Number of protein chains: 2
Amino acid sequence: MRVGIDMGGMSVKFGLVDGENRILDKLVIPTRLDVPPEKMIQDMVDAVRQLLERKNLTAADCEGIGIGSPGTIDDEQGIILYSNNFYWERVPIVEQMKGALSLPVVIANDADAAALGEVCAGAAKGVKSAVLLTLGTGVGGGVILNGRIFHGPLKGGMELGHMVIKAGGEPCTCGRRGCLEAYASATALLRIARREARSHPESLMNSMCGDNPDNMNGVIPFEAAVKGDKTAIGVIEEYEENLAEGIANVINMFRPEMIILGGGVAAQKENLTGPLAEKVKPLCFGGEHGEIPPIVTSCLGNDAGIIGAAALLLQK
Amino acid sequence: MRVGIDMGGMSVKFGLVDGENRILDKLVIPTRLDVPPEKMIQDMVDAVRQLLERKNLTAADCEGIGIGSPGTIDDEQGIILYSNNFYWERVPIVEQMKGALSLPVVIANDADAAALGEVCAGAAKGVKSAVLLTLGTGVGGGVILNGRIFHGPLKGGMELGHMVIKAGGEPCTCGRRGCLEAYASATALLRIARREARSHPESLMNSMCGDNPDNMNGVIPFEAAVKGDKTAIGVIEEYEENLAEGIANVINMFRPEMIILGGGVAAQKENLTGPLAEKVKPLCFGGEHGEIPPIVTSCLGNDAGIIGAAALLLQK
């Protein structure tokens, strides 16, 4: 039995995970940004105890605790170096939790943990090497090679969303211009859809958002496109073309066995991946001489983070 | 003692390499494109024998042979899957050389071998993880992680030059538009320099190439820039800005301990890397929270390929 923790800016999710990567019990607590990190970590310690007690388990029944956290993580030292979701800097979370619970505790970046979850028990189960791209508020990503999380030796690497695909292009939250995140996040999809809805008053997308593009969501352009709305079809085309450039870059560099898409936009499933695969193919280096991996959507949803965090213990 | 072979479109270079990664003797034969692969490989077998005999060595004195070849390589099967330098397709070179010489034979992509050479005995000696970008006719690259060549599990990966940095931009030799190669190769530098020389007749670059931009070479823009020629300064700026985008992408993904630049343009040494490092810094994700590796130029020159090829035997 292991405990997986998925830390987020709104809530922290805890799961009791068995040897088959199944979640037996879950618990969620709110993320408190108004207290010092030590206090928040104490809340997390209490939640782990509660989760174990609910199943009449003691620390002895638990192999350890794995944590997925947003931000730049020093996994060797067990420190959250920087997280702009929590406004935390250099927080030695592993040491504090270990001290309180007397259990092994390990940590990784949350996108890395989610990627590991998908490889252990999700869309890429049975596959050794896969890349996860999460298309949400931003674009996150995790690379699993030979069943292990991959990141470079220096801190701060493996930021797939901050690979430039159009140098000098759209401004990105990271300060650079033209990052994949600025074109392939759900936020970017909304930006494109709002722009096009405003300049095409006849588009179905307008009525679908109550004639106020500020109410646009990530589903409307896809639904309007299915109904044949030309403006919406153009929005999806533009979005997918840029996403395809990013995916082809990932393939040209890592040639993983599988590309997994997660996050809100991936809810479109084959509606997204079908046309996308056709756009990716001609962009991959070597054409017929190279192997092109399948593009699938994640299937664990929010549980990927918990299962992956718990699976971190198996990597050590 | 090991033999390292660096295969090129014009010539094949052989080196006798000792345990300290020093080249004791070298031999070069022309690449024959007019004969079947088996014939060319027989020439290579003869050259290996000659190299050993010249030092009064027998096969028993040799640990084995490492080959660096351009193109898409199946290193596990020992096959050159495709090389547009030789017009070879699915050539089982390792099997043939093993059969003829009764020695262990291993193969890798030539850029990968050069990167390994720089890590074993060159600019990145003592470093475990480094990325080599060669700025020549094209942009090649090799990634060394923990002292080993890195490439993804499927064939055809790790093509750093074919990472798009400006989607839809300049056409690339691979068929895609906007690849790093189309902006950061020596070929791209010449394209930019010719364009600017033509539209600025007053530029020093014109007199330096005999008033015929067709005679432009990769040194002229750098020399003219040092002399204060504004047009040349602009050429170098444009070239370095795009190269910086590619290097920042590599850093945001791999966070290696060192970036090594090789190929013709890297002959500019600090003249290139100094301004480049300043351009790369603000593009790296995480700013002060991430570690930014040094950018250096390769120091083995053409020997990197031979030394790296010989070092392949140590990876097995």
Side-chain angles (χ1 to χ4, degrees), chain A residues 71-72 81-82 84 89 127-131 141 143 145-146 150-169 172 174-179 183 241-242 244-246 248-257 282-293, chain B residues 71-72 81-82 84 89 127-131 141 143 145-146 150-169 172 174-179 183 241-242 244-246 248-257 282-293:
Chain A
T72 303
L81 289 174
Y82 179 68
N84 58 4
E89 213 166 319
V127 160
K128 281 186 179 170
S129 300
V131 174
V143 175
L145 294 175
N146 278 321
F150 168 78
H151 53 65
L154 300 189
K155 305 303 166 215
M158 198 37 68
E159 287 289 344
L160 292 178
H162 300 286
M163 159 175 72
V164 145
I165 60 159
K166 282 194 186 170
C172 182
C174 75
R176 205 175 171 187
R177 279 179 171 272
C179 290
Y183 294 95
E241 271 168 19
N242 287 318
E245 295 283 359
N249 274 0
V250 168
I251 292 173
N252 284 354
M253 280 197 260
F254 295 104
R255 290 280 164 172
E257 293 167 85
L283 304 177
C284 293
F285 184 78
E288 54 184 309
H289 301 288
E291 293 174 78
I292 300 176
Chain B
T72 304
L81 290 174
Y82 179 69
N84 57 4
E89 213 166 323
V127 161
K128 281 186 181 170
S129 301
V131 174
V143 176
L145 295 175
N146 277 324
F150 167 79
H151 52 66
L154 300 190
K155 306 303 168 214
M158 197 38 69
E159 286 289 345
L160 292 178
H162 301 285
M163 160 176 71
V164 144
I165 61 159
K166 282 193 187 171
C172 182
C174 73
R176 205 174 170 188
R177 281 181 170 268
C179 290
Y183 293 96
E241 270 166 21
N242 287 318
E245 296 283 357
N249 274 1
V250 168
I251 292 173
N252 285 353
M253 279 196 262
F254 295 104
R255 290 281 164 171
E257 294 168 85
L283 304 177
C284 293
F285 184 79
E288 56 184 308
H289 301 287
E291 294 175 78
I292 300 175

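Just so it is clear: chains get the letters A, B, ... in the order the sequence lines come, proteins before strands, and each one is counted from 1. Nothing here was measured: the structure is a model prediction, and the numbers come from that model.
With chain B as the partner, the residue from A:Pro282, A:Ser129, A:Cys174 showing the most heavy-atom pairs under 4.5 Å is A:Ser129. Comparing A:Ala248, A:Gly71, A:Cys179, A:Gly141 by how many heavy-atom pairs each has under 4.5 Å with chain B, the most go to A:Ala248. With chain A as the partner, the residue from B:Glu257, B:Glu241, B:Glu245, B:Arg177 showing the most heavy-atom pairs under 4.5 Å is B:Glu245.
When heavy atoms are compared at a cutoff of 4.5 Å, B:Pro153 approaches chain A by way of both its backbone and its side chain. Contacts between A:Glu89 and chain B at a heavy-atom distance below 4.5 Å involve the side chain alone, from C-beta outward. Interface remark: B:Leu283 contributes backbone and side-chain atoms alike to the contact with chain A (heavy atom separation under 4.5 Å).
The aromatic rings of B:Phe254 and A:Phe150 sit perpendicular, their planes meeting at an angle over 60°, well past the 30° parallel limit.
In plain terms, the two heavy atoms of B:Leu154 and A:Ile292 that are nearest each other are CD1-C, 4.5 Å. In terms of heavy atoms, B:Val164 sits closest to A:Ile165 at CG1-O, 3.5 Å.
Rounding to the nearest 0.5 Å places CG of B:Leu81 at 9.0 Å from CD of A:Glu291. Here CE of A:Met158 is found 10.0 Å from CG of B:Asn252. Values are rounded to the nearest 0.5 Å.
Residue B:Asn249 forms a side chain to side chain contact (heavy atoms under 4.5 Å, CB included) with just one option from A:Met253, A:Arg176, A:His162, and that option is A:Arg176.
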